[in-house]
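So you know, we letter chains A, B, ... as the sequences are listed, proteins then strands, and number each from 1.
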Amino acid sequence: MKECLHCAQSFEASNAEDNFCCHGCEVVYHAFQANGLKDFYRYKDTKSDPVNLNELKSQFAFLEHKETKESFLRADGKLHISFYIEGIHCLACIWLFERLKTLNPHILDNELNFNSQVLKLKVDPQGDLSEIARLIQSFGYKIHLLEDMSKDEIKQDERKKYLARIAVAFFSMGNIMLMSASIYSGASEFFEKYFNLLSGLLSIPVIFYSCIPFFKNLYFSIKNMNFSIDVPISIALSIGYGASFYGIFYNPELVYFDSLTMLVFLLLGSRFILDEVKYNIEKKLSHYNFFSKILATRLNNGQEEEVLAKYIKKDDHLLIAAGSTVPTDCILESSQAYFDTSLINGESEVVHFRKGSQILAGMINKSGKIKALSIRNYADSFIGKLENELSNNTGLKNRYSKLALLSAKAFFYIAIILSLYILFTIRPWDVALERLIAIIIITCPCALGLVVPLTMIMGLKTLNAQGIYVKDESTILKLAELKNVFLDKTGTLTKKQIDYEFEYFTDDEESVFNLLLNLEKKSNHPIAKELLRQFPIRDEISLNDFSEEFGVLAANFQQTHLSIRPNRDFNYTCFDFFINDKLSLRVKVMMQMRTDAYDLIQGLKQRELNLFLLSGDNEGKVKEASRHLGVKDYFAAVKPFEKNEIISGYKHTLMIGDGVNDSLSLKNADVSIAVNTSVDFAQRCADIFLAKDNLSLVLALFNQGQRISRVLKRNILLSTVLNSLFIYFALIGYISPFMAAIIMPATSLFLLVHTLISLNTNVKVNLTKTDNYHVLKEGLKLT
Amino acid sequence: MEVIIILAPFTILLALTFLVFFLKSNRSGQFDNLDTEQYKLLIEDTKEERKENEQ
């Protein structure tokens, strides 16, 4: 046993010169040596995963493209680019990224955050970004380009300002407390006035600097006629400070500098903490939310050039690889090709196209690499529009629950009514003012305003940990209202892998099977390709006179005539193989149910939801599946747009689907879940997508969604009850402004702890084991 | 007791200096990256860097 020089994992060495566990580690080790970075291994004190070169193939060539590069240019004339780096493990990584500047002269500044694994680079405009990406990859790190880090920098700035405001409030609060302690312990009248004056002076920076966020929000609330919790806070602060300054000279009973400054400090502090928690979670979420960039290969003066699809213009010559999606409407330039057109018209069969015919954005190339001439700008194509629409629509939105907003508003009006009541009934003035301030501070529904968003974001975090990605928080609350569930059959409930069943009508099975494979090899049909993938040809023979028309394949082998004809007598796909027009072999194409599909159906039924199967397959196949799964209602032979129409006819709908052909209905259902898919479009269109290939996660989502709603409701109830109780006590004068200033943040803190505890314990989910888990980090690449 | 009249502003001034120090370090970015900087202490200088520091 030996230790690999790069990753330090032990491995069986075949000879004395063998120092690496795999080729990947060797390549990376030499990259370090070549760059004069052998010290890396001095700092590296932990084992790392062996390098997988395949994972490092992700292409950053598109960064060379001029327009792409310009999009990274900032006001300071430098290129600012950020990468999320997988596999940052120890000091050595920090050391390495610290050295990055010396390796490429164009890098002006580099900053790595060890915890969030984000590397920020400042590059001079002459620098080649793709070369820098390749350099980092050559050290064995898997990297992802992060977009929109400008938001992050603004956030950083805001955070600094907020911290400064808190510091100022803390400074004033501490000093004011000392002085009011002296007053309470019986300072003489002269000293009382003196201390009050000093407190007043110390409050000035708090009012004019620390309180700016409250007054800003007050301004926006008035301007937009919106309700915000900062309205009552600002009112309380203005009245309180006004009365206090008046009180210094005329009535020392009215001085509340201590309680008000403490209120400001506690409010700012609790908001800061909540913001940090929320921001950190959101940041982690967004890093896993990177959809693949849509790329295309363009021919530029005979040179292949990889660009972001958004830069594809009319009259560009494109190369479209097998399995890729056509990015924009094109004219086919290759002699012939097959396309999956399900995104556009919902045909599940692949369609054959000849040279010169028009192909549309969203079709998937099912043949080899083809050439095409674009006839439309990417932005005007179906996919471009879809992407544009979604990019305006992704990311977490901060929506308060309606209920929370409603009760917050109710409290606001109660505060106003009670204030008027106090002003008109209670005398003398100083007692009235004291109760007024206490009431306004106590009624302020801060707990609601702080805890509701926190509940949602904590809920998203726990879902995320299980591999469930929710794009919009409000979706979780919608889950409870669902009534009708639509399930796509193919791919969602059935296995993706096709199984073949063979029925022979001759004795010489082996040679017949070999002839079949050789004939299928001539075809480009996906079922034929899948057959050959599962059963590679052993004995290759040459066939003459091949023809393929209307799904019938025919060819000659020496004197024998071979043909394959589809058999439409069955409920499922089936074709017959004829040798000299004699039926020799029947091939049945079977789709298998996923094992976790049964659990899913069972679980959904327990929730008393109406289930419907949707499928493009024919009646017989779907009927069989529905009987098998125990789902009574089904719609067979529906095309994608018909699926969409069916769903529109129902209310409170959930669509569960997987493929490109479900994209339309995923987009239009009330809630949609994309499962076990690597298809980017389905992911983009759905509200929720599952990163693990396991249908039981849908049930986990329901459980967790229920729990989040429950915690949310409990929070709203708790804060309502507590607030009402305190209002009553304040009204009868049991709570002074000073106590109110402590009680209010304390309630928030209490609810915060309640939320963290009730959402952080793990939900027990019994996951059915499926054979393959794959984590989606990057979707498919489009050409 | 009259000494408090002078003492109180002085204590506030003392506290003020701490506040100013904090605000200064906050502005210079000392609290921006709390996860990484502490590790850099462990990294040795290269030869060139050492020369620079000695001068």
Is the count of non-hydrogen atoms from other residues, nucleotides or ligands lying under 6.0 Å from B:F31 atom CZ greater than 12?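 Counting other residues, nucleotides and ligands, CZ of B:F31 exceeds 12 neighbours.
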Can you establish whether the number of heavy atoms outside A:Y209 located under 6.0 Å from its atom OH is more than 12? yes
Which bit of [X] is near chain B, if near means a heavy-atom gap under 4.5 Å: side chain, backbone, both or neither?
{"X": "A:L201", "answer": "neither"}
{"X": "A:F170", "answer": "neither"}
{"X": "A:L163", "answer": "both"}

Does any backbone or side-chain atom of B:L19 lie under 4.5 Å from a heavy atom of chain A? Answer side chain, backbone, both or neither. side chain
Measure B:F22 against the heavy atoms of chain A and call it side chain, backbone, both or neither at under 4.5 Å. side chain
To the nearest 0.5 Å, how far apart are OH in A:Y194 and CD1 in B:I5? 6.0 Å
To the nearest 0.5 Å, how far apart are OG in A:S172 and CG in B:L16?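 Nearest 0.5 Å value for the OG-CG distance: 9.0 Å.
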Of all heavy-atom pairs between A:K160 and B:R27, which one has the smallest distance, and what is that distance?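 Of all heavy-atom pairs spanning A:K160 and B:R27, the closest is NZ-O, 3.5 Å.
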Do the non-hydrogen side-chain atoms of A:F171 and B:V20 ever get within less than 4.5 Å of each other? no
With heavy-atom distances below 4.5 Å as the criterion, would you say the side chains of B:N26 and A:R159 are in contact? no
Heavy-atom pairs under 4.5 Å with chain B - which of A:K161, A:M179, A:R99 has more of them than the others?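 The option with the most such pairs is A:R99.
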